[in-house]
Structures are given as C-alpha cells and as structure tokens.
Number of protein chains: 2
Amino acid sequence: MSETVATIVGLTGVIVAVTDEVPRVLAVRQVGDGNGGDALPCGPFDPERQRTLDSGLRRLVAEQAGLDLRYVEQLYTFGDRGRDPYERMGGPRLLSVAYLALTQEQPVRGSGDARWRDWYGYLPWEEWRFGRPPSIDDPIRPALSRWIEEAADAAERRDREERVGICFGLGAAPWDPVRTLERYELLYEVALVGEALRDRDGSTATTATASPLPGTTMALDNRRILATALGRLRGKLAYRPLVFDLLPGEFTLFRLQRVVEALSGQRLHKQNFRRTLAASALVEPTGRVQSEGRGRPAELFRFRRAVLRAKPTAGVAMPTLRPAP
Amino acid sequence: MSETVATIVGLTGVIVAVTDEVPRVLAVRQVGDGNGGDALPCGPFDPERQRTLDSGLRRLVAEQAGLDLRYVEQLYTFGDRGRDPYERMGGPRLLSVAYLALTQEQPVRGSGDARWRDWYGYLPWEEWRFGRPPSIDDPIRPALSRWIEEAADAAERRDREERVGICFGLGAAPWDPVRTLERYELLYEVALVGEALRDRDGSTATTATASPLPGTTMALDNRRILATALGRLRGKLAYRPLVFDLLPGEFTLFRLQRVVEALSGQRLHKQNFRRTLAASALVEPTGRVQSEGRGRPAELFRFRRAVLRAKPTAGVAMPTLRPAP
DNA sequence: CACAATTATGCTCTTCGCGAGCATAATTAG
DNA sequence: CTAATTATGCTCGCGAAGAGCATAATTGTG
C-alpha cells in the first residue's frame, strides 16, 4: 500500500468513421517526441472531473476534436514497461486505457490538430479489398521466411512456421481478418514496423529489407492499439449491430455492405449479404428510394431496433468471397 | 499534466478452476471493510517490480495463493467513481485492471486465506444445468415485473421490457449464456443484489422481496467483475481452445464435456458434442482407456496443438439441448 | 451366470445456413 | 433504342448442427 506515485494513467481513443468506403481514424500530430509522427488522441485520466472512464474518453474527444461519439467501448489497458520513451529516461510508468469509439465522419472542430486518416495507412497489410496487399509479398513474406530460417533449433523453427502460417494465412489456415493484433505483434517482433527499430534505440535494422517498412509509424505503441481496435471491431461486426453507428439513419443496402467491407478489409458476396440481412430482420425498408447516378435506384433502409428483442446475436453476416481471379 | 496523485492502480484476478463439475473461483476473506464478505484476490500495481500487467497478475496470485496460472487474459479496467468505499470518504480513486486466469484446481498454498469457491454461489441465476434456477422465478422475475410497471411513461416501459426480455430470455429471445454482465447490471439497477443496497448507503431495500437476494455479496464491484469474467469465458469457449487449460493432459471426452457444461451453465447434447469435436480435430486419442466406476470405460484423449495451424477458430462446439421436460 | 443398469460410441434423418451463380428488373448515359 | 450499370429475386448443392435410435462394453446384483 506504499504511495506508488510512479504511475500515470491516461486515456487513448481509437475514433472510427467510414466515408467514401474508406475507414478512417482520428489522429493528431505528435507533440512531444520531436519525430512529428501521428498519434492517437489521448489525455490524462482526471479522477476529479471524470466520473467514469467512458465519460472521460467522451469528454477528451469532445475537447480535442469537437466530436460526439455514438458508440464507446473499452478496448484494453496497456501498461508494459518501456512503452513510453519518457519512462525509459526515468519518468513514471504510463498506463493507458484504450477505447474504441464509432461515429459518423464529421468535420473536426476542436482546439487540437486532429485529422481523419485512412486506417489502412497504418496497417496496409490488413486491406484485402483490392486483392492481396503488395506489402505482404514484398517486404513481409521474405522477411518472415528469413526469420523462420534464423530459428535456433527445429522446435523453434516449427513454432515460427506455425505462427506465420496462422497470422498471415500462408499455411493451411486461411487469412483471418480478426487476427490483426497477432499480425502486428509478429511484425513488431520481426522488426518489420518502424516502432520496433525505434524502440531498440539503436535504430539498427536487424531485418534488412529492400522495400520500405509497410505502414506509417506512430507514437508509442499507438499502432498496436490501432491493431487491437481493428480486430475487436471486425470480430464484433458479426454479432453486434455496430455498423449502424457509422451510418446515417437511412442508407442503401449497398452502402451498408461497403462499410462492412471497408472495416473487414475484404469483399463480400452481394446477393448472400442481402439475403442474410433480410433473414436477420436487422433492417427495414423506409419505402423511399435513392438514385445514385447511374443504375437502378436503391431502396433506403433503416436499422430496426426491435430486432434486439428477438435475437441474441444481431450482427451483419460476412459472406466470404473467393479472391477475384 | 498536473501531478494527479489521486489515483491508485490495482490488479484484480478472477482465477478459475473446475473440479467435480463445479466451476470455482479463488476468493479471499475481505480484510478492510469489516463486513467479512468475500473478495477477489487483488493488490496494488507496482511499476517498479512489474514489467507488464500480465506478469504482475501472475506474481500477485503466486504470492497470495501459491498458484501458477496456465492462461491469463486481461478482462476490463474498472474505474467508476465511488466503487471504492474509501474513495467516498475522501480517499483516492481506485482503478482496477481485472484479469481472467485459468488453471487446474490445486491446493492453495499461499500466505493469504484464499479459498476455492463455487462460482455460481455468487451468480446463482447463471446456473441452468439442473433446470431453471429457482431464484429467477422467485425473487428476480416478480421484482423485474414490478420494475417494469414502475416505468415513468410508455417509452421507458417498453425499454425496460425489452431489456428484461433480452437479459433473462423472458421475451422472444432465448436465454443467452454470454449476457452475464448485462444481467448482473440489470439486477444491480433493480437492487436485486446486495451490493446495490450497500452502495446506496442507507441499505434501504427499495425492492421489497420476500425471498433473500440471490447470490453471495462481494466486496466493491467484485461480483460485477465475476460476471464480466464468466461472460468472456463463455464467449471464448466456442472459438478458442481455453478449456484445455482447465483439464489435465489426458481426459475423457465426457469429462471435457462436463467442464464445458459447468462453465456454460447448460447441458449439451452428448453425441453431437462428440461428433463436432471429432470433426474439429481438436483432440486425439492417446490409445489408453479409463475405467471410472460403472459403465463402459472411456477412451482417453489429449489436446492436439497442431490444430491451431489449420483452423482459424478452434473451440469446442456447444450443441444446445432442449430443457429437460 | 444372466440380467439390469450405466456409460461409451456409431450412425441416420432432417433442417438450415451459406457459398456460388443464374436470371430478371429498373435505371441512366449515349 | 441500346448498352452499361446497379438492384433484386431465386435456385442448387454442400456441410454443419439439432434430434434421436441403435449398439457396444463395462459393473453390480439376484
């Protein structure tokens, strides 16, 4: 029960919106560290003003970007030693309670310099909508192969092979959109992300790569938090009606599908998507139609809240699709 | 960036084991509060000694109960104002990072007075293996009905009905074993758990109930943490091979089923459970058999790690069963 | 020893979710 | 009018899962 002052508690938010079929997260220019990279909106947890962690996060985002959030969910609390460079210089330990929040994209109004950024700009290997991400074939796969070769013994080699196979769907297992965190952590371990080099201080590239490291580097372990958030969101889409917090009150089924595709990072089978949706009774037609340029106008739908009463798991299905030939 | 000292960070663990088909959690006699109730093992987070939150939790449990844990997973961070009685008397805000941990039941060796307790002793309404829990019909259902009646207007009434229906499967929705937290929070709101009365200080029973309140009261919001853990565990059983961390290296399929049933709180269809398990290639026969008293001896199996390489989601199926007539 | 009770295990029947693809309807651009 | 484009309906087939019957291998008892 010693007065352990050497811990600072902070709140960090992954604020998500989808526009133009691009999933975006709110990012601020990093202030402290001098490298000018991106960072997630964050701030100290203030027990005086904040009744709950959730409300603290809401207030934080309201102040920094003038946004109101439609959905807020606690993600994870990060507290590993050394995640904060200040700590390595003798500062206090930083504990960050990370949150996932959803909203419609709205202009940023706050005092800070918060901007909407393409989520996949930070995690490009997660984007499979336009085919296999190039970064997987070029820097990632060969580096992982080398890493497997460098194993000390046969057992470690087998473990590494297994891990690579599971994470990137290179073995028997298919690509699993939810394993975002496992992938990021593997890439970090293999020093395929800038943070790994930075955190090793020397900045010595253990893994010599011809191509640049994939994805934009972020402050602290913020990219790990982004990966955590993406995995959580992808996983929950299928059994909780979260998408509707990213959409306006009325929307076409196609737009709904596009948002789901944007988040899951893969294309979905259109007819099956609609059939499953109809069967789930998750949406209901408003009776109005929307004509978007060419083609037959689409019917407008709205989220049907009443469905929560009847179904235990109410989420959108993700009918997978073979990769385009 | 003011030196906010008014926050204390603690670690709390839900340590789970299953023996004799009873799911148990580790509980200590509460020291401080005088009411002598049960509490979860917990301790301050010490940034000097603990490199990560996970290892901190492991160390804590090792010290308090002499247990080594086979699986550790962060659950949630609790930080609401007023969850700690000391805080209400002007003390610092208590932030608790809660963990779920699995192990085989082993004798408690530690310095503390930790004991294994029946999980359902704290959450009796979650136990459906022996039919509908009596507490649902007696104190819970009538109290919830009254609560619905007390709604201020029609809209609130509808909301309450919907919530009750979803939580307890009383409406169109079936009982969902995973919604443990929602249920606990509803019961708390309706003052059907002792903590609600205690936290309102006056201890005035708003909800007059003939029967005693269901489940053993715990310190702070520890029962909320228990409910969170149970829900998480139930949800993960189906897609992660967690059960095997509760079982010895070799086990019969029936024992495996019994453990899953104990945790999910419901009976499973035996033949289908085995068929699904066989199809999943999650276990492999050891070639040996075990004769347990009467009846045909059962074959012994072991967990087949290699399955992780091939399948993205490797968990035990939960073939539901109609309630016994 | 024969038989009942008990537990393990194999197999079938049926329904339903879902991947896949064909066909048709309703628009707009030229 | 026609082609292109998008929306939408329907079917086929496979495999997973709910439900239940049948059989095998034990133990304990009359």
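Just so it is clear: chains get the letters A, B, ... in the order the sequence lines come, proteins before strands, and each one is counted from 1.
- What separates CD of B/Glu299 from P of D/dA24 is a distance of 17 Å, to the nearest Å.
- The side chain of A/His269 approaches C/dA20 more closely than any other nucleotide in the set D/dT6, C/dA20, D/dA19.
- Checking A/Tyr184 against A/Glu182 by side-chain atom types alone, no donor-acceptor pair falls below 3.5 Å.
- One can place CZ of A/Phe251 at 14 Å from P of D/dA7, the figure rounded to the nearest angstrom.
- Ionic pairing of A/Glu127 and A/Arg129 is present here: one or more N-O contacts between side-chain nitrogen and carboxylate oxygen are shorter than 4.0 angstrom.
- Of the candidate nucleotides D/dA25, C/dC18, D/dA17, D/dA25 has the atom lying nearest to any side-chain atom of B/Pro297.
- What separates CZ of B/Arg267 from P of D/dG18 is a distance of 17 Å, to the nearest Å.
- A salt bridge links A/Arg132 with A/Asp137: the distance from a Lys NZ or Arg NE/NH1/NH2 to an Asp or Glu carboxylate oxygen falls below 4.0 Å.
- Between B/Arg183 and B/Glu126 there is a salt bridge, since at least one side-chain N of the basic residue sits less than 4.0 Å from a carboxylate O of the acidic one.
- Counting atom types as modelled, A/Arg275 pairs a side-chain N or O with a base atom of C/dG19 as donor and acceptor under 3.5 Å.
- Between A/Val289 and A/Gln271, the residue anchored closer to the 5' end of DNA chain C is A/Gln271, taking for each the nucleotide with the nearest heavy atom.
- Closest to the side chain of A/Asn272, out of C/dA8, C/dA20, D/dA7, is C/dA20.
- In this structure, B/Leu277 atom CG and D/dG18 atom C1' are separated by 17 Å, rounded to whole Å.
- For A/Thr276, whose side chain is taken as the heavy atoms from C-beta onward, the closest listed nucleotide among D/dA17, C/dT7, C/dC18 is C/dC18.
- One interatomic measurement links the two molecules: NZ of B/Lys270 to C1' of C/dG10, which rounds to 13 Å at whole-angstrom precision.
- In this structure, B/Arg255 places its CZ atom 16 Å from P of C/dT7, rounding to the nearest Å.
- Rounded to whole Å, atom P of C/dA20 lies 16 Å from atom CZ of A/Phe273.
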